[in-house]
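All residue numbers refer to positions in the sequence shown, counting from 1. Hydrogens, waters and symmetry mates play no part in the numbers below; they use all other heavy atoms, side chains included.
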Amino acid sequence: MRRRLADWVDSGLGTGWVVAVSGGGDSVGLLRVLHRFGPELGLRLSVAHLDHGVRGEAGREDARFVAELAGTLDLPVDLGQWSPSRAGHFEADARGARYAWLAEVAQARGASVVAVGHTRDDQAETILHRIVRGTGPRGLAGIPSRRPLAAGITLARPFLKVAREEVRGLLGALGQPYRDDASNNDQSRTRARIRHDLLPKLAAEYNPKVAEALVRLGELAAASDRSDRRRVLEMVRVATIEANSAEVSLDRAALGRFSRFHRTEVLRFAWRRAGWPEASMSAERWRRLADLVRQADARSLVFGGIEILFAPETLVLRRRAGSVGTDCPPVPEVPVPLELPGSVPWGDGRVVTTLDPDAPRDETLDLDRLVAPLSVRAPLPGDRFQPLGMGEQTTPLNDFFRGRRVPREARGRIPLVCDRLGIVWVVGHRIAHRVRLTAPTGRTVGLRWEADAAGAGVVVERGCD
């Protein structure tokens, strides 16, 4: 394992590492290995643990266990709390909150790496999960061993090629206890059913090495994806006439010779290279644009604030004058009062509040923690925010946006719901820690974003694993 870690360090990731430790065997095993070999590799370690707010006393025991383990190893530790606010969205919301919080911890610690304990077994489960849901070739590649988490911060998975059984053997040899999360056995969750029912059934009745086969499939898919990306880059080179942040000009005939899939990929790449936000570009819009390339009578249109002009020989994508990346009306220049219940128009949609506990909502706040009146406004220079999970700490709003990968040009359009004490909801992203639901919560208020049918929507974080 030392050799594997040395390869990670030598790859230039940096020496400041935050180790995400849930208290379970995989993450505790990762921490012990990093602690064992970290000093000789020059690593500066700290520990981070986020309580997901659904396990009550068991969750608090996990936090105490992690804090005590970090103390035993003489490592600094950050503890955070998060509470789910949307029924039926726990897994996705918890994952997004966890990674956003870990990025914020890494920034505060001056670390360049967040290390998580995913193993080869997690990779097999992920690939099988995606197959069941109906993934494409890129999804078959599974979990990447590393990916950008925020500006200057890499999410790393050093154990991704290590079997869970091997990690448990290491812990046994060290006499190191760990916590069992009973929610991992809750088969009302898809991932738990795959781990405890589907994979064992496939191993027992079809292939005893099904996990290894799935991981091998993922490696082949990842290699194929890398090869295809190189092919797409060559296609981009062939089709591009001119490209900058204001305008992209493509050779329409060259683009039309590519398959529909590759036309779409070239258009995506050109769009991203220009730095334009993709929140308005659904899969259907990308396919439509790729199809229009071959239509002689294609008419110009606007997607996400980008004019798309079809000339006989060229396809020109041009940022509209004064556009900040969306094709929606300007946002108000002054705060707009927000009633309870009520709504405020904003750009291509509206912010809605509700006191009806059965009404649809994106977020739920403790009504008694709000300091009325409420308003909706645009971000201002110097704004600070207290994100859910960060306790009493605040962070510059621009740093929060950077961690959520919101394009700079789109930040000014994000609506902020505020009370007298400051920001309570960055719409589409996170509520403030001080207005979260807690055990004493009695009255609640629901918040939601309603996009117009043809609107681009609020720019939100994309691409979390």
Side-chain angles (χ1 to χ4, degrees), residues 19-31 33 49-56 58-59 61-62 65-66 82 84 87-99 102 115-135 139-145 147 155-172 176-222 464-465:
V19 188
V21 181
S22 67
D26 298 340
S27 60
V28 169
L30 175 63
L31 177 61
V33 168
H49 172 86
L50 182 66
D51 182 352
H52 288 114
V54 294
R55 299 179 58 234
E61 285 291 338
D62 288 348
F65 170 82
V66 172
W82 174 80
H89 296 80
F90 173 78
E91 293 183 47
D93 287 356
R95 183 173 61 248
R98 179 169 65 252
Y99 286 138
L102 287 169
V116 294
H118 291 133
T119 65
R120 187 177 68 187
D121 300 74
D122 292 301
Q123 181 73 295
E125 293 163 12
T126 296
I127 293 170
L128 185 55
H129 191 188
R130 292 181 180 180
I131 291 172
V132 170
R133 289 187 304 177
T135 189
L140 288 176
I143 311 171
S145 60
R147 70 167 176 84
L155 181 70
R157 300 180 172 96
F159 274 8
L160 200 56
K161 294 186 177 181
V162 180
R164 184 173 292 133
E165 183 179 1
E166 184 179 348
V167 179
R168 296 299 191 273
L170 168 69
L171 293 173
Q176 171 64 60
Y178 55 89
R179 299 274 298 172
D180 280 317
D181 183 349
S183 65
N184 287 333
N185 300 319
D186 178 5
Q187 296 198 30
S188 66
R189 297 179 181 175
T190 305
R191 189 59 175 260
R193 291 198 302 275
I194 289 174
R195 175 178 296 185
H196 298 293
D197 178 48
L198 184 54
L199 263 175
K201 186 175 293 184
L202 291 172
E205 300 179 12
Y206 295 91
N207 179 0
K209 294 187 177 181
V210 64
E212 290 89 334
L214 287 166
V215 170
R216 189 162 56 250
L217 172 64
E219 291 171 348
L220 292 170
C464 287
D465 294 313

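How far NE2 of His49 is from CG of Leu31: 13.0 Å, rounded to the nearest 0.5 Å. Leu128 CG to Leu199 CG: the interatomic distance, rounded to the nearest 0.5 Å, is 5.0 Å. Atoms CD1 and OG1, on Ile131 and Thr126 in that order, are 11.0 Å from each other to the nearest 0.5 Å. Rounded to the nearest 0.5 Å, atoms CG (Asp62) and CG (Leu50) are 11.5 Å apart.
Closest approach of Phe65 to Tyr178, counting heavy atoms only: CZ-CA, 3.7 Å.
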What side-chain donor-acceptor pairs closer than 3.5 Å can you find for residues 116-123, not counting sequence neighbours?
from, atom 1, to, atom 2, distance (Å)
His118, ND1, Arg157, NE, 2.8
Thr119, OG1, Asp121, N, 3.3
Thr119, OG1, Asp122, OD2, 3.2
Asp121, OD1, Arg164, N, 2.7
Asp122, OD1, Arg164, NH2, 3.0
Asp122, OD1, Arg195, NH2, 3.2
Asp122, OD2, Thr119, N, 2.8
Gln123, OE1, Ile143, N, 2.6
Gln123, NE2, Ile143, O, 3.0

For residues 207-218, which side-chain N or O atoms pair as donor and acceptor with protein atoms under 3.5 Å away, sequence neighbours left out?
from, atom 1, to, atom 2, distance (Å)
Asn207, OD1, Lys209, N, 2.9

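Shown here are the side chain to side chain contact (heavy atoms under 4.5 Å, CB included) partners of Ser22, two or more places apart in sequence or in another chain: Ser27. For Lys201, the side chain to side chain contact (heavy atoms under 4.5 Å, CB included) partners are Asp197, Glu205, not counting sequence neighbours. Glu166 pairs by the side-chain hydrogen bond (donor to acceptor under 3.5 Å, both in side chains) definition with nothing, not counting sequence neighbours. Not a single side chain to side chain contact (heavy atoms under 4.5 Å, CB included) links Glu165 to another residue, sequence neighbours left out.
Within the 4.5 Å cutoff, side-chain heavy atoms of Phe159 are placed close to those of Val167.
Arg179 places no side-chain N or O within donor-acceptor distance of the main-chain N or O of Val66, the cut-off being under 3.5 Å.
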